[in-house]
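Following: one structure in structure tokens, then a few remarks.
Ligands are counted one by one from 1 in listed order, and the atoms in each one are counted from 1 as well.
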Amino acid sequence: MPSKKPKEPQTIHCEKKAIYPGSFDPLTNGHINIIKRGLMVFEEIVVAVARNTTKKNLFTPQEKVDMINDVFGKEPKVSAVTFEGLLVDYCRSENIKVILRGLRTVSDFEFEFQVAQANKQMAPEVDTLFMMTESAYSHISSTILKEIIQLGGSARGMVPATIERRMRKKLLGRAKR
Ligand code: ADP
């Protein structure tokens with residue numbers, strides 16, 4: 001059976017605000033790059049830390065928010081929040097119409113495509129906008145950073161120094177190598 005034709009958008013106007021959701025365990029230079037480039041498109045970006053992630057987390061939601069504020073505290077266009085439950089429900093409650101997500105690899109795309117479609121079905125008024133990673137950040141993920149530090153390596157250039165120190169303290173029980 002042919003799928004139902006989606007409704008054409010009725011009004012043309014620009015959204016000023018986007019939400020950038022994720023685990024951010026912790027915020028990396030890859031995330032920071034997406035947020036900064038997102039500000040070329042949107043006037044305001046809400047970085048939203050998911051509370052109910054299935055991933056094993058190193059940091060608590062509040063610690064993640066604190067680290068985001070450490071980096072963007074002086075930037076009034078960026079705010080950090082936590083949310084629980086479905087992202088689209090949070091978007092509706094805050095009247096946010098655009099979800100910003102980053103893409104690194106083809107495997108990112110496959111997963112993100114499914115999530116975006118599911119979100120669109122649940123909340124047709126909310127759209128997902130993808131930004132390609134810049135090549136300098138394409139290999140950076142919070143998971144890989146945790147492994148590097150756990151194994152005694154340096155994550156310099158991949159994560160802000162203050163966040164690297166916090167990771168080192170959590171993972172190795174000391175701030176310096
Ligand atoms: P999630 O667990 O929801 O994927 P992450 O914190 O891992 O949350 O990532 C949040 C968003 O940032 C995702 O859209 C992810 O693809 C994107 N992202 C993560 N790392 C990078 C990077 N190095 N470059 C570009 N986008 C990235």
Side-chain angles (χ1 to χ4, degrees), residues 17-42 44-72 75 77-91 94 96-120 122-123 126-150 153-164 166-167 170-171:
K17 194 185 214 180
I19 189 165
Y20 180 41
S23 322
F24 303 108
D25 189 47
L27 183 81
T28 69
N29 286 353
H31 297 132
I32 292 171
N33 178 257
I34 295 287
I35 296 168
K36 287 186 174 166
R37 286 165 56 219
L39 285 177
M40 296 193 297
V41 182
F42 298 100
E44 193 184 337
I45 293 187
V46 179
V47 184
V49 174
R51 282 184 168 273
N52 51 339
T53 154
T54 48
K55 292 180 183 172
K56 197 170 159 272
N57 283 280
L58 180 63
F59 294 99
T60 67
Q62 189 53 52
E63 287 172 330
K64 294 175 186 181
V65 165
D66 291 345
M67 286 186 276
I68 296 165
N69 284 334
D70 281 348
V71 175
F72 286 104
E75 175 50 80
K77 295 175 184 162
V78 177
S79 56
V81 298
T82 65
F83 73 99
E84 198 136 29
L86 283 176
L87 174 62
V88 288
D89 287 341
Y90 184 77
C91 290
E94 296 295 315
I96 295 174
K97 299 282 194 305
V98 183
I99 299 168
L100 178 64
R101 293 283 287 178
L103 284 178
R104 285 161 295 189
T105 56
V106 176
S107 59
D108 263 2
F109 174 80
E110 284 178 5
F111 175 72
E112 295 287 342
F113 181 74
Q114 284 185 330
V115 175
Q117 296 288 72
N119 284 337
K120 188 79 186 158
M122 290 185 286
V126 179
D127 255 304
T128 306
L129 188 87
F130 293 103
M131 274 195 146
M132 292 297 294
T133 180
E134 268 183 34
S135 55
Y137 304 104
S138 61
H139 58 294
I140 301 177
S141 73
S142 307
T143 308
I144 287 180
L145 292 191
K146 282 180 266 190
E147 250 177 68
I148 291 175
I149 290 177
Q150 183 97 61
S154 162
R156 213 160 135 203
M158 299 189 227
V159 70
T162 50
I163 297 182
E164 182 176 4
R166 290 178 78 142
M167 292 176 79
K170 279 248 181 189
L171 287 164

Need the ligand 1 atom indices (1-based, order shown) with element for anything under 4.0 Å from a heavy-atom of [X].
X	value
Pro21	10 (C)
Phe24	6 (O)
Ile34	25 (C), 26 (N)
Glu112	14 (O), 16 (O)
Asp108	16 (O)

Could you identify the single nearest non-hydrogen protein atom to [atom] and state the distance to 0.1 Å?
atom	result
atom 11 (C) of ligand 1	Tyr20 OH, 3.5 Å
atom 13 (C) of ligand 1	Arg101 CZ, 3.4 Å
atom 9 (O) of ligand 1	His31 NE2, 3.4 Å
atom 7 (O) of ligand 1	Lys55 NZ, 3.7 Å
atom 15 (C) of ligand 1	Gly102 O, 3.7 Å
atom 8 (O) of ligand 1	Ser23 N, 3.0 Å
atom 23 (N) of ligand 1	Tyr137 O, 2.8 Å

Quick check against the 3.5 Å criterion: does Arg166 have a side-chain atom that pairs as donor or acceptor with the backbone of Pro26?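 Pair absent, no side-chain N/O of Arg166 close to backbone of Pro26.
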Do side-chain atoms of Asp108 reach the backbone of Arg104 as a donor and acceptor pair under 3.5 angstrom?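 Between the backbone of Arg104 and the side chain of Asp108 there is a qualifying donor-acceptor contact (under 3.5 Å).
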Heavy atoms only: give me the nearest Asn52-Gly85 pair and the separation to one decimal.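 So the two residues come closest at ND2-N, 3.3 Å.
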Closest non-hydrogen atom pair, Leu100 against Tyr20: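 Closest approach of Leu100 to Tyr20, heavy atoms only: O-CD1, 3.1 Å.
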Would [X] and [Y] pass as an ion pair if we require N to O under 4.0 Å?
X	Y	value
Glu94	Lys17	no
Lys97	Asp127	no
Asp25	Lys56	no
Arg101	Glu112	yes

Is it true that Thr28 lies under 4.0 Å from ligand 1, counting heavy atoms only?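 Outside the 4.0 Å threshold, so no.
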Between Val49, Ile140, Leu27, Thr133, which one has a non-hydrogen atom sitting closest to atom 25 (C) of ligand 1?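 The nearest heavy atom belongs to Thr133.
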May I ask which of Lys64, Arg104, Met132 has a heavy atom nearer to atom 22 (C) of ligand 1 than the others do?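 Heavy atom nearest to atom 22 (C) of ligand 1 belongs to Arg104.
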Please tell me whether Arg51 and Thr82 have a donor and an acceptor in their side chains that are separated by less than 3.5 angstrom.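 Yes, side-chain donor-acceptor contact under 3.5 Å.
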Which one holds for Ser141 and ligand 1: side chain close, backbone close, both close, or neither close, with close meaning a heavy atom under 4.0 Å?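 The answer is neither.
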About how many Å separate CD1 of Ile19 and CZ of Phe83, when rounded to the nearest 0.5 Å?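 If I round to the nearest 0.5 Å, the distance is 6.0 Å.
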